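Let me begin by presenting the structure, written as structure tokens, before commenting on it.
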Protein chains: 2
Amino acid sequence: MPTAREKIVGAAMELFWLKGYNSTSVADLLSRTQLNSGSLYHVFPSKQDVLVGVLEAYRDGIEEMLLAPAWKGVDDPIEKIFALLALYRTMIVETDCTYGCPIGSLALELHEPDPQVRDLIAVNFENWTKAIEGCLTDAGKRLPPRTDKRALAQFVLTAMEGGVMQARTHRDVGYFDRAVKQLRAHFDMLEAMAKTKARG
Amino acid sequence: MPTAREKIVGAAMELFWLKGYNSTSVADLLSRTQLNSGSLYHVFPSKQDVLVGVLEAYRDGIEEMLLAPAWKGVDDPIEKIFALLALYRTMIVETDCTYGCPIGSLALELHEPDPQVRDLIAVNFENWTKAIEGCLTDAGKRLPPRTDKRALAQFVLTAMEGGVMQARTHRDVGYFDRAVKQLRAHFDMLEAMAKTKARG
DNA sequence: GTCTATAAAAGGATAGAC
DNA sequence: GTCTATCCTTTTATAGAC
């Protein structure tokens, strides 16, 4: 049986994702969880504390919620990167192209976030790109030896966020697909470079 | 002497950019413009109509406000692309890395926008990428003949939006710089491919 | 920890005189 | 077109009993 805290964080993860932080009222959270005001404010002194709880849940759940499902049955390190992007694609399609990255949306919606909130958004991005960086390290000599793996991993996040933003705006997954296609070309060219230089 | 409409749109462009749409109240617009409620609602029947006016202003001003300043003194079509990104970089630095693309931020803040609003956001993105696509066309044979120019232009927007998002979140322009560096590598590899195939 | 009731403020929008 | 005053709703948060 879920605690009040778990109910609230679960509802908030969904509602902040669907409606945004500012457009989700505490009353929305209460009606969704069937809790009363007193219970919520007993656990979370303010609405912002709910946001902190949500961001911590994403931070703590990245492996189980995101990476494990995306990488099930995928071994090749570079294919793991595109398998993760493919998971985002299914989410875009399943939501009729209204999908937004929950972290990215909060990153742009909150214009003057508290340091604690901003740090948690940053940590979520960092953990995502660290996972990609791990794949790049595993790819070893398939990439040119001087590849800036951190920059390349961040570029994967950049492509995802930009692709999601445009697919959502245009309500057309093609915009995401084209971003992925360009990123794939980028990796293909890097791999081709690595081979050429290895030979020459 | 500016009309009430111009004052309101000007103030709204700034405040929606600084604080976001939901966090900007009509009272904020009134105090900034020194207008009274009646004047605003005479011109704009609702707050959302102000948003429409703002998005139309960005749409109509892209050449004068964005492209002309970015491209002053730059002729090379591919350098024009990176000159535009360099303009974003200066805006990031000038705002102490709090800069957000006004259109991209609205695209992610508004979760269930009216069709009119969503179309205007989409048109703003389209005009931006069309401008880049023009550069790619001007680049002619420097790019491989089968280059998907629309997809590549959208990828430039993707890189900008993703780079801006991360630079803002981490309050570190390095995140934007690395995105641009990766995009530059992408173009360099495309140009190298075009040369190789032209020879072979 | 949870309940009900309510405070206190901010929000978008309107009315009617000028 | 602009002025002042104000309505009505929503919102975050609190009080105090149980």
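These figures come from a predicted structure and were not determined experimentally. Reminder, nothing fancy here: chain letters follow the sequence lines and each chain counts from 1.
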Within this structure, what is the [atom1]-to-[atom2] distance between [X] and [N], rounded to whole angstrom?
{"X": "A:Leu15", "N": "D:dT11", "atom1": "CG", "atom2": "P", "value": "12 Å"}
{"X": "B:Leu40", "N": "D:dT2", "atom1": "CG", "atom2": "C1'", "value": "12 Å"}
{"X": "A:Leu29", "N": "D:dT11", "atom1": "CG", "atom2": "C1'", "value": "12 Å"}
{"X": "B:Phe44", "N": "C:dG12", "atom1": "CZ", "atom2": "P", "value": "15 Å"}
{"X": "A:Leu51", "N": "D:dA13", "atom1": "CG", "atom2": "P", "value": "12 Å"}
{"X": "B:Lys7", "N": "D:dT2", "atom1": "NZ", "atom2": "C1'", "value": "11 Å"}
{"X": "B:Leu30", "N": "D:dT2", "atom1": "CG", "atom2": "C1'", "value": "12 Å"}
{"X": "A:His42", "N": "D:dA17", "atom1": "NE2", "atom2": "C1'", "value": "16 Å"}

### Message
Does C:dG12 have OP1 or OP2 under 4.0 Å away from a side-chain N or O of B:Ser37?
### Response
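B:Ser37 to C:dG12 OP1/OP2: no side-chain N or O under 4.0 Å.
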### Message
With a 4.0 Å limit, can you tell me whether B:Tyr41 has a side-chain N or O closer than that to the phosphate oxygens OP1/OP2 of C:dA13?
### Response
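So the side-chain polar atoms of B:Tyr41 do come within 4.0 Å of the phosphate oxygens OP1 or OP2 of C:dA13, strictly under.
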### Query
What pair of heavy atoms forms the shortest contact from A:Trp71 to A:Ala83, and how long is it?
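So the minimum-distance heavy-atom pair works out to CD1-CB, 4.3 Å.
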### Message
Which heavy atom of B:Ala194 sits nearest to which heavy atom of B:Pro144, and what is that distance?
### Response
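Closest approach of B:Ala194 to B:Pro144, heavy atoms only: CB-N, 3.6 Å.
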### Task
Please work out if B:Thr24 contacts a base, only the sugar-phosphate, or nothing of the nucleic acid, heavy-atom cut-off 4.0 Å.
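Contact class for B:Thr24: sugar-phosphate only.
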#### Entry: Sugar-phosphate, base or nothing in reach of A:Ser46, heavy atoms under 4.0 Å
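The answer is sugar-phosphate, as A:Ser46 gets under 4.0 Å only of primed atoms, P, OP1 or OP2.
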### Message
Keeping B:Arg168 on the side-chain end and B:Met165 on the backbone end, is there a donor-acceptor pair under 3.5 Å?
### Response
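Flag not set: sc B:Arg168 to bb B:Met165 has no pair under 3.5 Å.
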From [options], pick the nucleotide closest to the side chain of [X]?
{"X": "B:Asn36", "options": "D:dC3, D:dT2, C:dT14", "value": "D:dC3"}
{"X": "A:Lys47", "options": "D:dT2, C:dT14, D:dA13", "value": "D:dA13"}
{"X": "A:Ser25", "options": "D:dT12, C:dG11, C:dA13", "value": "D:dT12"}

### Task
Output yes when B:Lys19 and B:Asp28 qualify as a salt bridge under the 4.0 Å nitrogen-oxygen rule, no when they do not.
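Judged by the 4.0 Å cut-off on N to carboxylate O distance, B:Lys19 and B:Asp28 do form a salt bridge.
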#### Entry: Distance (rounded to the nearest 0.5 Å) between A:Asp188 CG and B:Met189 CE
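If I round to the nearest 0.5 Å, the distance is 9.5 Å.
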### Message
Judged by each residue's nearest nucleotide on DNA chain D, which is more toward the 5′ side, A:Ser23 or A:Gly38?
### Response
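Nearest nucleotide further toward 5': that of A:Ser23.
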